[in-house]
Amino acid sequence: MTVRDETRNAPPPGPGTARGPATLREEVERRARAARERWEAARAKAEAESGGPWKRDFTTVSGLEVPALVGPEQTGDIDPVGEIGIPGEFPYTRGVHPTGYRGKLWTMRQFAGFGSAADTNERFKFLLAQGQTGLSVAFDLPTLYGYDSDHPMANGEVGKCGVAIDSLADMERLFEGIPLGEVTTSMTINSTAPILFAMYLAVAEKQGVDVAKSVSGTLQNDILKEYIAQKEYIYPPRPSMRLITDQFAFAAERVPRWNTISISGYHIREAGSTALQELAFTLRDGIEYVEYGVRAGLPVDRFAPRLSFFFNSHNDFFEEIAKFRAARRIWAAVMRDRFGAANPRSWMLRFHTQTAGCSLTAQQPVNNVVRTAIQALAAVLGGTQSLHTNALDETLALPTEESARIALRTQQILAHESGVINSIDPLGGSWFVEEMTRRMVDGTFDYFRRIDELGGMVEAIEAGFPQREIMDAAYAYQRAVERGEKLIVGVNAFQLEDEKSPEILYIDDAVGARQVSDLEAMRARRDRGAVARTLDALKDGAAGDANTMPLILDCVRAYATVGEISDVFRDVFGTWEEPAAF
Amino acid sequence: MSRIRRILIAKPGLDGHDRGAKVVARALRDAGFEVVYTGLRQTPDQIASAAVQEDVDAVGLSILSGAHNRLLPEITQRLREAGAAEILVFAGGIIPDRDIPGLKAAGIDEIFLPGTPTTLIVDYLNRRLSAA
């Protein structure tokens, strides 16, 4: 299948046949070209007099050349309806909702998790009390990687980067006193996503919530970006894709308000990609999931409306805004024209944004509040549906209560004081922003062609293509910083001698010991026969072609652990190691 | 001139953040070192035996998971047990200030924090290894 951006092929709103409008239009264009020539001359003269610009390169943080001035003479061929349009209408460049942020503000969703389920439950209640409007769970590395807290590989890791979850018992404690029919919850979980999804549903059932009607939230569940960037994979790509299509089918029927995947560029960017690579690889991952879903026999309009996206928002303000606007335009074209989706909800790209952790500095960390505010503003001007703002101590540790509150307050100030929410897509029609948006669209379709030529994203990953592209970009950026071509305030410019380090959240190793003794007690309490039976049934189902989700639900209800269930899949599917190249 | 120095860059712990490890590996290679990279999620045993097998002069450990207090001293301990205590061990990642004295006492020679230019690591290795 070839990819074409059909929005670009719509006939331009060219000169009418009537003589009058054509003449007027020609006259306007002639004057714009003449003005451009005058400016070029004036600029050349000023530069000759001053000895040229004060620095050599005016590129984005991604190294993309930025035009000094964009005017109507360069953007006149952009179709104001076919390519830009209106909010709530194909191709959604200006947003997916006709009401913008007047109908509904973005969801302020701060990612949190550390220590034990009880520790994180307390932080969740704190954030809800501070006016946060949705939950977002960070799990610890053993949970992400399918090991129980007492596994040798979990040594020193329990509760460090997120909350430790071994069994349904921990999940019940995590959401104690939080009604799952009333909050929406996002869970950053990938290789072990079906297990944590099943646990969440089991807790909701125990709370008496009608799962089909009232349970809503999002799983990250984006395994392709794990191979590309975040590297928390367990099984090889193909069986991992099967687990995801099992969840698509299960949720479409049983949990219709659940977003089964959040196709993520965040980690691709954090691993060092450019903005364009983040956009292109993320959307191409999206295409891959849709192709696998369709191949598994699911009608595209049945699962595509529940696909959601997750992007990074970095420092380069206009590049980020262009990226978000381009994402919507590209996805709408892909879904309609590549997959023939007929439901407009399948065309709409909805996304969560997190400000860029990798942009923050350990030096003079209070400056990170400013960086985060700029990045959050770009996300809002780009039309995000939900937002996480990083805490100022992100590069030092997990956030303290105080730094987490400042991060949330940053969003509240944008929403309620800055006025940027009042008009929808206020930068739409800016010649510069539209030109940058178009460059993002064109660059993305170029990457699509290269990945299609490799046979698809799974094949491209197996060949190491996106991994190499990102590594090259990361290294080029580091070199630019070290040569002083890119300045980072406090790091390679405007440094302070003798900085005092701030108070940080310190998680000691006692969390791990407590978690392990709780796990042992839980294992002694549960019905061992039921655990063995449900794990055996899962093994048979995984080896065959049954949908694994109902079988996983049976396992978690019997208090089988994350490690035990993951081991079933390790046995059946094998594990994945990438070559150690750099 | 002295022989080309060999460096092992290793990722202990479960985190998959390999940007820093790979950037440092490339920078060291570009600076004339021979670099071996272990890949992700290596146990202390795996790292120590790779260091011995590859006959390296130094081991650079990259860790952002928070498990450094547990894993880094285990690595220097394994190296001593393997009779390779002379291998220089340095580390980088997200490591709170208060953990640094303990890690140094456990045999981690230097710790590089976020924002460190790779040239500083190159200079450090040239200085420390030329004395050897």
Side-chain angles (χ1 to χ4, degrees), chain A residues 114 140-145 147 152-162 226 229-233 267 270-273 358 360-363 394-398 467 470-472 474-475 477-479 481-482 488 490-492 495 501 504-509 512 577-582, chain B residues 8-31 35-46 50 62-74 92-100 112-122:
Chain A
F114 59 90
D140 72 355
L141 284 160
T143 308
L144 293 176
Y145 204 58
Y147 290 127
M153 289 298 285
N155 184 11
E157 309 274 12
V158 175
K160 285 285 167 66
C161 287
E226 295 296 330
Q230 169 98 338
K231 311 291 170 77
E232 294 298 335
Y233 44 71
H267 320 80
E270 291 289 301
S273 83
C358 65
L360 304 184
T361 65
Q363 296 74 19
E394 168 91 13
T395 59
L396 304 168
L398 299 188
Q467 298 95 314
I470 294 167
M471 197 50 232
D472 289 346
Y475 194 53
Y477 176 74
Q478 180 68 25
R479 303 270 303 170
V481 170
E482 294 191 10
I488 304 173
V491 174
N492 65 351
Q495 296 102 320
S501 20
I504 58 166
L505 180 76
Y506 195 85
I507 297 160
D508 64 34
D509 285 322
E577 292 297 336
E578 69 169 13
F582 62 87
Chain B
L8 181 75
I9 297 294
K11 278 285 300 167
L14 286 182
D15 73 289
H17 301 106
D18 56 4
R19 175 179 181 170
K22 288 182 167 185
V23 164
V24 169
R26 276 201 192 189
L28 296 180
R29 188 185 60 193
D30 287 357
V35 180
V36 182
Y37 172 53
T38 61
L40 296 168
R41 287 188 275 276
Q42 300 292 300
T43 63
D45 276 336
Q46 288 171 319
S62 169
I63 183 161
L64 291 88
S65 75
H68 47 269
N69 284 340
R70 191 68 69 88
L71 297 177
L72 269 42
E74 278 188 32
I94 296 191
I95 294 171
D97 287 344
R98 72 152 96 162
D99 294 342
I100 291 174
F112 297 101
L113 297 178
T116 303
T118 56
T119 48
L120 211 79
I121 303 172
V122 169

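These numbers were taken from a predicted model, which means no experiment stands behind them. Naming convention: chains lettered A, B, ... in sequence-line order (proteins, then strands); numbering from 1 in each chain.
Note on B:T38, B:L113, B:D99, B:I9: by heavy-atom pairs under 4.5 Å with chain A, the leading option is B:D99. Annotation: maximal heavy-atom pairing with chain A below 4.5 Å, among B:R29, B:K22, B:R41, B:H17, occurs at B:R41.
With a threshold of 4.5 angstrom between heavy atoms, A:E394 approaches chain B through N, CA, C or O but not through any side-chain atom. Heavy atoms of A:E578 lying under 4.5 Å from chain B belong exclusively to its side chain. For a residue to count as touching a neighbouring chain, one of its non-hydrogen atoms must lie under 4.5 Å from one of that chain's; by this rule A:Q478 touches chain B with the side chain only. When heavy atoms are compared at a cutoff of 4.5 Å, A:Y147 approaches chain B solely by way of its side chain, counted from C-beta outward. Proximity to chain B is limited to the side chain of A:Y477, based on heavy atoms less than 4.5 angstrom apart. Using a 4.5 Å cut-off between heavy atoms, A:E232 touches chain B through backbone and side chain atoms alike. With a threshold of 4.5 angstrom between heavy atoms, A:I504 approaches chain B through side-chain atoms but not through N, CA, C or O. Within the 4.5 angstrom heavy-atom criterion, atoms from both the backbone and the side chain of A:P142 approach chain B.
Residues A:Y475 and B:D30 have side chains in contact (heavy-atom distance under 4.5 Å, counting atoms from C-beta outward). Inter-residue side-chain proximity for B:S65 and A:K160 is flagged as unmet; no heavy-atom pair is nearer than 4.5 Å. With a 4.5 Å cut-off on side-chain heavy atoms, B:D18 and A:M471 do not count as touching.
Although no hydrogens or angles enter the test, the distance criterion places a donor-acceptor pair under 3.5 Å between the side chain of A:Q363 and the main chain of B:P114.
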